[in-house]
Colleague: 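Okay, here's the structure, questions in a sec.
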Amino acid sequence: MPELPEVETVRLDLVRDVVGRTIVAADVTGRRTVRRQDPAAFTAALASRRVESVGRHGKYLFARLDDASALVAHLRMSGSLQLVAGGAGVGREPHTHVVLALDDGSELRFVDPRTFGELFVTADVAPDGRPHALAALGVDPLLDPLDASIVRELVGRRRTALKAMLLDQRAIAGVGNIYGDEICFRARLRPDRRTESVSAGEASRLAGAVVDVLTEAVAARGSTLRDARYRDLRGGHGEYQHRHAVYGRAGEPCPRCGRAVERVRIAGRSSFLCPACQR
DNA sequence: CGCATATCCTGACTGC
DNA sequence: TGCAGTCAGGATATGC
């Protein structure tokens, strides 16, 4: 569901279509989406604010506003941001929880069937515009250098399954279940490999796989699964799902060697792997 | 510390 | 065809 590539795709769309716009009014209709603060404070903080820029760290988006505060968004499982031209006259789809009216008559809507997603406004922002609420996040592989030495250090600091480390946002920010499996496949490492057994050469492969898989997925505008809710800002879908080597492909032939892809459970999550290619 | 489990929630899918 | 049950997953909390 939305992981780093999907969130980055939305960020690029927001930079193109929303940066420079002013929020005329905010309307919170859902009960759970704005939960870190009083919805009235949320709407008051957004009224008349101009969007200066949009950043991302891991799976979090943050729009810097002209009073140096930031609107922070996390899509979680099923959230999406939809930009609707001529918004006020266009019916809201089900599960629309927050609507921001913009000064060009469009609406930026937060739609989220499962209501795990979250929006909040914070003035607790670093000079570079990063909200302090995101301070605990680890390395973002597309913003910060992620090389073999950093992966060696991350791997050396914990004793767990490789997949569990990849899903830990305090280590590497932005990887979720789908890309975690694709990264392990690319690195030719089993997702249930113990971190303490990863060699220097394998750490190097892993670092390359993280950056390469995520970069390719961004270029393909992310993955939209069959059941999935992920859509970009204009409702379009991604294309990277057609290039998944193992995720969701249990029983299908491995694209590298032809062996059947297996499904196992690691850290409470379904994981897909090729038992021949990944060691 | 690691790791499993439960929680939040809806919709898609499975099996009867 | 319909309906109940299961599963999906991001982050977080809790218990072992």
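The sequence lines fix the lettering, A, B, ..., with proteins before strands; numbering per chain opens at 1.
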Colleague: Rounded to whole Å, how long is the line connecting atom CD of A:Glu118 with atom C1' of B:dC8?
Modeller: 12 Å

Colleague: By side chain to side chain donor-acceptor pair (under 3.5 Å), which residues pair with A:Thr115, not counting sequence neighbours?
Modeller: A:Arg32

Colleague: Check the distance between B:dG2's C1' and A:Glu196's CD and give it to me in whole angstrom.
Modeller: 11 Å

Colleague: Please report, rounded to the nearest Å, how far the P atom of B:dG11 is from the CE atom of A:Met77.
Modeller: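 Value for this atom pair: 14 Å.
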
Colleague: Do the side-chain N or O atoms of A:Tyr247 get closer than 4.0 angstrom to the phosphate oxygens (OP1, OP2) of C:dG9?
Modeller: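 Looking at the OP1 and OP2 atoms of C:dG9, one of them is under 4.0 Å from a side-chain N or O of A:Tyr247.
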
Colleague: How would you label the contact of A:Arg31 with the nucleic acid (heavy atoms, under 4.0 Å): base, sugar-phosphate, or nothing?
Modeller: nothing

Colleague: For the residue pair A:Val198 and A:Glu202, what are the closest heavy atoms and their distance?
Modeller: CA-OE1, 3.5 Å

Colleague: Is A:His95 near enough to B:dG11 that one of its side-chain N or O atoms lies under 4.0 angstrom from OP1 or OP2?
Modeller: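 Indeed, a polar side-chain atom of A:His95 lies that close.
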
Colleague: A:Thr195 side chain to A:Thr160 main-chain N or O, any donor-acceptor pair under 3.5 Å?
Modeller: yes

Colleague: With sequence neighbours excluded, what pairs up with A:Arg188 under the side chain to side chain donor-acceptor pair (under 3.5 Å) test?
Modeller: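 By the side chain to side chain donor-acceptor pair (under 3.5 Å) rule, A:Arg188 matches no residue at all.
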
Colleague: Give one of base, sugar-phosphate or nothing for A:Arg265, where a contact means two heavy atoms less than 4.0 Å apart.
Modeller: sugar-phosphate

Colleague: If I take atom CZ in residue A:Arg32 and atom P in nucleotide B:dC9, what distance separates them, rounded to the nearest angstrom?
Modeller: 5 Å

Colleague: Would the distance check show the side chain of A:Arg194 and the main-chain N or O of A:Arg159 forming a donor-acceptor pair, the cut-off being under 3.5 Å?
Modeller: yes

Colleague: How close do A:Ser53 and A:Val19 get, heavy atom to heavy atom, and via which atoms?
Modeller: CA-CG2, 3.8 Å

Colleague: Please report the distance, rounded to the nearest Å, between CZ in A:Arg114 and P in C:dC7.
Modeller: 14 Å

Colleague: Are OP1 or OP2 of C:dG10 and a side-chain N or O of A:His74 less than 4.0 angstrom apart?
Modeller: no

Colleague: What is the distance from CG of A:Leu4 to P of C:dA11, rounded to the nearest Å?
Modeller: 11 Å

Colleague: In whole Å, I'd like the distance from the CZ atom of A:Phe116 to the P atom of B:dT7.
Modeller: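 Those two atoms, CZ and P, are 12 Å apart.
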
Colleague: Quick one: does any side-chain atom of A:Glu153 pair with a main-chain N or O of A:Ser149 as donor and acceptor, under 3.5 Å?
Modeller: no

Colleague: Under the ring pair (Phe, Tyr, Trp, His ring centres under 6.0 Å) definition, can you give me all pairs with a residue in residues 27-64 of chain A, not counting sequence neighbours?
Modeller: A:Tyr60-A:His74

Colleague: Using a cutoff of under 3.5 Å, can you pull out all pairs of nitrogen or oxygen atoms linking the protein to nucleotides 12-16 of chain C, with atom names and distances?
Modeller:
none

Colleague: Roughly how many Å is it from CD in A:Glu6 to P in C:dG9, rounded to a whole number?
Modeller: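 Distance, rounded to whole Å: 13 Å.
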
Colleague: Which residues within residues 154-181 of chain A lie with some heavy atom under 4.0 Å of an atom in DNA chain B?
Modeller: A:Arg158, A:Arg159, A:Thr160, A:Ala161

Colleague: Contact class for A:Ser270 (heavy atom, under 4.0 Å): base, sugar-phosphate, or nothing?
Modeller: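 Contact class for A:Ser270: sugar-phosphate only.
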
Colleague: List the residues meeting salt bridge (charged side-chain N to carboxylate O under 4.0 Å, His left out) with A:Glu8, not counting sequence neighbours, and say none if there are none.
Modeller: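 For A:Glu8 the salt bridge (charged side-chain N to carboxylate O under 4.0 Å, His left out) partners, ignoring immediate neighbours, are A:Arg11, A:Arg56.
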
